[in-house]
Chemist: 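Please read through the structure below; I'll follow up with questions.
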Amino acid sequence: MPELPEVEALRVFLDDHLVGREIDRVLPLAVSVLKTYDPPLTALHGSTVTDIARHGKFLDIGAGPLHLITHLARAGRLRWKDGFPATPPRPGKGPLALRTVLTGGDGFDLTEAGTAKRLAVYLVHDPAEVPGIARLGPDPLDDSFDRDAFAALLAGERRRIKGALRDQSLIAGIGNAYSDEILHAAKMSPYLLTANLTDDQISRLHIALRTTLREAVARSGGLGAGELKAEKKSGMRVHGRTGEACPVCGDTIREVSFSDSSLQYCPTCQTGGKPLADRRLSRLLK
C-alpha cells in the first residue's frame with residue numbers, strides 16, 4: 001500500500017505535471033471506484049488544476065472550488081500517460097478504474113489489481129467532506145509534530161505501539177510497512193505497550209519516526225509515478241524481508257502473520273533476542 005512517503009512523492013510529481021493544466025475529461029471505469037455523485041465528474045471538464053495537496057495517504061487534486069481526492073488503498077496505482085488511444089476504454093474491463101485526460105492529450109490512469117476493490121475516488125467542495133480525511137490525526141512531517149506533541153498523542157493510548165502508529169486517527173499516513181521500519185530504527189518491539197513507554201523511548205521513537213519518513217521522502221524525490229513501488233521496496237530494512245539478514249546486526253529477520261497482514265522485525269535489535277509468538281504458526285504445528 002502506498003504510504004505517506006509515496007503519496008508525498010506523487011503529490012510532488014503531479015504538482016509538476018498537472019498544476020496550470022486544463023482537464024478535458026474524467027472517465028470512471030470501475031463501478032466501485034467513485035464514492036460521491038454530487039458534484040458529478042463532468043464538473044471538472046474544462047477546469048484548470050490549481051494545486052495538489054496530500055492528507056495522510058489521500059491525494060488531493062484541486063481545480064478551483066473542487067477537489068478530486070484519491071485513496072489508492074493496497075493495490076491502487078497512479079500511472080502517468082503521454083497519450084491515450086482514440087477509442088475510449090470499456091468500463092469494467094481489467095484493472096483500469098479511472099482515467100483523467102488533459103487538453104494536451106496526456107494525463108493519468110488509476111488502476112487497481114486483484115479482486116478486493118478498495119481504491120476510492122471522491123469529488124467534493126471541501127476535503128473534510130471525505131470521512132477518512134475528516135478523522136485524520138496530525139501529519140508527522142508537519143513542523144508542529146514535535147516530541148511533546150507526539151507524547152501528548154500517546155498519553156491516552158493503551159495498546160501495542162505497532163497498532164498505534166498505524167492508526168490514521170492518531171497519526172496520518174503511516175501504514176504497515178513504515179511502522180515496521182520505524183520500530184526497527186527505534187529498536188523497539190512491535191508488541192511494546194504504549195502505556196509502558198518511558199520518556200527516553202518516546203524521544204527515541206519520535207526521532208526514528210521523523211527520520212524514517214523524511215529519508216523515504218528524500219529517496220522518492222524526482223522519481224516518476226511508475227518508479228515509486230520499486231523504490232519503496234528497495235529502501236526497506238526489515239519489512240518484506242523475512243529470512244534475510246538484518247542490515248544492522250546480521251540476525252535473521254522474523255515475521256508474525258495475521259489474517260490480513262504480517263509484520264517483520266529483528267529479534268536482536270528489537271526484542272532482546274527473543275522471537276515473538278506467532279499464533280498462526282503455532283496452530284499449524286499442533
Chemist: Enter the distance from T198:OG1 to L205:CG here, rounded to the nearest 0.5 Å.
Modeler: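 Going from the OG1 atom of T198 to the CG atom of L205 covers 10.5 Å.
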Chemist: Could you tell me whether the side chain of Q168 and the main chain of G173 form a donor-acceptor pair under 3.5 Å?
Modeler: yes
Chemist: Do the non-hydrogen side-chain atoms of Y178 and L209 ever get within less than 4.5 Å of each other?
Modeler: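 Counting from C-beta outward, Y178 and L209 never come under 4.5 Å.
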Chemist: Any pair with a residue in residues 34-54 that passes ring pair (Phe, Tyr, Trp, His ring centres under 6.0 Å), sequence neighbours left out, goes on the list, sorted by first then second residue, please.
Modeler: none
Chemist: Is the shortest distance from a Lys or Arg side-chain nitrogen in R159 or D167 to a carboxylate oxygen in the other one below 4.0 Å?
Modeler: yes
Chemist: Look at the side-chain heavy atoms of Ile, Leu, Val, Met, Phe, Trp and Tyr, link any pair under 4.5 Å apart, and say whether L59 and L66 land in one connected group.
Modeler: yes
Chemist: Where do R214 and L141 come nearest, in terms of heavy atoms and distance?
Modeler: CG-CD2, 3.8 Å
Chemist: Between R166 and S179, do the side chains contain a donor N or O and an acceptor N or O under 3.5 Å apart?
Modeler: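 Judged by distance alone, the side chains do not pair up.
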Chemist: I'd like to check P190 versus L276 (side-chain heavy atoms, cut-off strictly below 4.5 Å). Are they in contact?
Modeler: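 Touching, per the 4.5 Å side-chain cut-off.
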Chemist: Short question: side chain of E181, backbone of T212 - any donor-acceptor pair under 3.5 Å?
Modeler: no
Chemist: Please list, chain by chain and in numerical order, all residues satisfying side chain to side chain donor-acceptor pair (under 3.5 Å) with D60, sequence neighbours excluded.
Modeler: H55, H67
Chemist: So, R99 side chain and L27 main chain: donor-acceptor pair closer than 3.5 Å or not?
Modeler: no
Chemist: I'd like to know if the side chain of R160 and the backbone of K162 have a donor-acceptor N/O pair within less than 3.5 Å.
Modeler: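 Pair absent, no side-chain N/O of R160 close to backbone of K162.
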Chemist: Please check if any side-chain donor atom of E255 sits under 3.5 Å from a side-chain acceptor atom of S257, or the reverse.
Modeler: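 Yes, S257 and E255 have a side-chain donor paired with an acceptor closer than 3.5 Å.
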Chemist: Listing request: all ring pair (Phe, Tyr, Trp, His ring centres under 6.0 Å) pairs with a residue in residues 131-176, at least two apart in sequence or in separate chains.
Modeler: F145-F150, F145-H206, F150-H206
Chemist: Could you state whether V121 and V101 fall into the same hydrophobic cluster, counting links through intermediate Ile, Leu, Val, Met, Phe, Trp or Tyr residues with side-chain heavy atoms under 4.5 angstrom apart?
Modeler: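 V121 does not cluster with V101.
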Chemist: Please check if atom CZ in R11 has more than 12 non-hydrogen atoms from other residues, nucleotides or ligands closer than 6.0 Å.
Modeler: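 Enclosed.
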Chemist: Has the side chain of T50 got a donor or acceptor atom that lies under 3.5 Å from a matching backbone atom of G62?
Modeler: yes
Chemist: Apply the salt bridge (Lys or Arg N to Asp or Glu O under 4.0 Å) test between D106 and each candidate in K81, R79, R21; give the one that qualifies.
Modeler: R21
Chemist: Give the intermediate values and the outcome of side-chain contact (heavy atoms from CB on, under 4.5 Å) for residues F58 and V130.
Modeler: CA-CA 10 Å; F58 290 85; V130 178; 3.9 Å; yes
Chemist: Testing T194, L170, N176, L183 for side-chain contact (heavy atoms from CB on, under 4.5 Å) with L165, which one passes?
Modeler: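 When side-chain contact (heavy atoms from CB on, under 4.5 Å) is applied between L165 and each of T194, L170, N176, L183, only L183 qualifies.
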Chemist: For K232 and A177, work out which heavy atoms get closest and say how close.
Modeler: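 Smallest heavy-atom distance, with atoms named: CE-CB, 3.8 Å.
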Chemist: Identify whether the distance between the nearest side-chain nitrogen and carboxylate oxygen of R74 and E112 falls below 4.0 Å.
Modeler: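 E112 and R74: not salt-bridged.
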Chemist: Verify side-chain contact (heavy atoms from CB on, under 4.5 Å) between L41 and L98, making sure each step is shown before the conclusion.
Modeler: CA-CA 11 Å; L41 288 178; L98 182 135; 4.2 Å; yes
Chemist: Is there a side-chain contact between I161 and L197 (heavy atoms, below 4.5 Å)?
Modeler: yes
Chemist: Do S47 and L44 have side-chain heavy atoms sitting under 4.5 Å apart?
Modeler: yes
Chemist: Do the side chains of Y265 and I253 join up, straight or via other hydrophobic residues, at under 4.5 Å, putting them in one cluster?
Modeler: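 No, separate clusters.
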Chemist: For residues L154 and I207: do they belong to one hydrophobic cluster (side chain heavy atoms under 4.5 Å, members Ile, Leu, Val, Met, Phe, Trp, Tyr)?
Modeler: no
Chemist: Any salt bridge between D109 and R77, counting N to O under 4.0 Å?
Modeler: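 No, this pair does not count.
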Chemist: Counting distance only, does the side-chain N/O of E244 pair as donor-acceptor with the main-chain N or O of R241 below 3.5 Å?
Modeler: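 Answer holds: no.
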Chemist: I'd like to know if the side chain of S144 pairs up with that of D142 as donor and acceptor (distance under 3.5 Å, no hydrogens or angles considered).
Modeler: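 Yes.
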Chemist: Could you tell me whether the side chain of L4 reaches within less than 4.5 Å of the side chain of I174, counting heavy atoms only?
Modeler: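 Sidechains of L4 and I174: no contact.
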Chemist: Scan side-chain atoms only and decide if Q270 and Y191 contain a donor-acceptor pair under the 3.5 Å cut-off.
Modeler: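 There is no such pair between these side chains.
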Chemist: Treat each ILVMFWY residue as a node, draw an edge where side-chain heavy atoms are under 4.5 Å apart, and state whether L72 and L34 are in one component.
Modeler: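 Hydrophobic grouping puts L72 with L34.
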Chemist: Check F108 against W80 and note the closest heavy-atom contact, atom names and distance.
Modeler: CB-CE3, 4.0 Å
Chemist: Checking the side chain of E8 only, and the main-chain atoms of P5 only, is there a donor and an acceptor separated by less than 3.5 Å?
Modeler: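 Absent.
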Chemist: Drop me the distance from R25's CZ to T103's OG1, to the nearest 0.5 angstrom.
Modeler: 10.5 Å
Chemist: Any donor-acceptor pair under 3.5 Å linking the side chain of D126 with the backbone of E129?
Modeler: no
Chemist: Strictly distance-based, threshold 3.5 Å: is any side-chain N or O of T36 a donor or acceptor partner for the main-chain N or O of L123?
Modeler: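 Yes: the side chain of T36 pairs with the backbone of L123.
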Chemist: Are T268 and K187 side-chain neighbours, meaning at least one heavy-atom pair lies under 4.5 Å?
Modeler: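 With C-beta onward as the side chain, the pair stays apart.
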Chemist: Checking side-chain polar atoms at under 3.5 Å, does S262 have a donor or acceptor matched by the opposite partner on Q264?
Modeler: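 A donor-acceptor contact under 3.5 Å links the two side chains.
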Chemist: Kindly give the heavy-atom pair with the smallest separation between R254 and P275, and that separation in Å.
Modeler: NH1-CG, 3.7 Å
Chemist: What's the separation between atom CG in D139 and atom CG in L213, rounded to the nearest 0.5 Å?
Modeler: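 If we round to the nearest 0.5 Å, D139:CG and L213:CG are 9.0 Å apart.
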Chemist: Indicate yes or no: at least one non-hydrogen side-chain atom of D24 is less than 4.5 angstrom from one of L102.
Modeler: no
Chemist: Please confirm whether the backbone N or O of S32 pairs with a side-chain atom of K35, one donor and one acceptor, at under 3.5 Å?
Modeler: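 It does hold such a pair.
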Chemist: Would the number of heavy atoms belonging to other residues, nucleotides or ligands and lying under 6.0 Å from CG of D82 be above 12?
Modeler: no
Chemist: Would you indicate whether the side-chain heavy atoms of R237 and V248 approach each other to under 4.5 Å?
Modeler: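 When only atoms from C-beta onward are counted, R237 and V248 do touch, with a gap below 4.5 Å.
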